[in-house]
Amino acid sequence: MDFLRQIKRIEYIDYLIRSRATGNPGEFANKLNISPSQLYQVIKILKDEMGAPIYYSKSLQSYCYNESVKFVCEFREEKSGSWNYIKNR
């Protein structure tokens, strides 16, 4: 899978998790067009390597975040020690 597709997949996973709309693991895997075992690998990478505070809520039947977070992948411009978003120029 190419890099941009991987980023888009993570953004979609993040959106579904923040929306609490993943469904159970089988449903979540289907939404991503991957197998449940691939889903578990992706969740493990997001948690262990990227620090995503993900857990599964049985009552909500969805993966959720323990904290208020959002995945962001973008370039920012550093000015005077602070970071600013780079707008389309």
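Below, all heavy atoms of this structure are taken into account, side chains as well, without hydrogens, waters or symmetry copies.
- Tyr65 is connected to Tyr12 through a chain of hydrophobic side-chain contacts under 4.5 Å among Ile, Leu, Val, Met, Phe, Trp and Tyr, so both are in one cluster.
- Residue pairs meeting the side-chain hydrogen bond (donor to acceptor under 3.5 Å, both in side chains) criterion with at least one partner in residues 19-32, sequence neighbours excluded, are Thr22-Ser62.
- No continuous path of ILVMFWY side-chain contacts below 4.5 Å connects Tyr55 to Met50, so the two sit in separate hydrophobic clusters.
- Pairing each heavy atom of Leu39 with each of Ala29, the nearest pair is CD2-N, 4.0 Å.
- Tracing side-chain contacts under 4.5 Å through hydrophobic residues (I, L, V, M, F, W, Y), one never reaches Leu4 starting from Ile10; they form parts of separate clusters.
- With sequence neighbours left out, the ring pair (Phe, Tyr, Trp, His ring centres under 6.0 Å) criterion links Phe71 to no other residue.
- Ile17 and Ile7 fall within the same hydrophobic cluster, defined by Ile, Leu, Val, Met, Phe, Trp and Tyr side-chain heavy atoms under 4.5 Å apart, directly or through other members.
- What you find for Tyr56 and Gly23 is that their closest heavy atoms are CE1-O, 3.8 Å.
- Shown here for Val69 and Asp14, the closest heavy-atom pair between the two residues is O-OD1, 4.4 Å.
- Residue Leu46 is grouped with residue Phe3 when hydrophobic side chains (ILVMFWY) are merged at heavy-atom distances under 4.5 angstrom, including chains of intermediate members.
- Applying the side-chain hydrogen bond (donor to acceptor under 3.5 Å, both in side chains) test to every pair with at least one member in residues 37-50, sequence neighbours left out, gives these pairs: Ser35-Ser37, Ser35-Gln38, Lys44-Asp48.
- Within 6.0 Å of OH in Tyr15 there are 12 or fewer heavy atoms belonging to other residues, nucleotides or ligands.
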Exercise for review: Check step by step if side-chain contact (heavy atoms from CB on, under 4.5 Å) holds for Phe28 and Ile13.
Suggested key: CA-CA 9 Å; Phe28 195 13; Ile13 289 168; 3.8 Å; yes

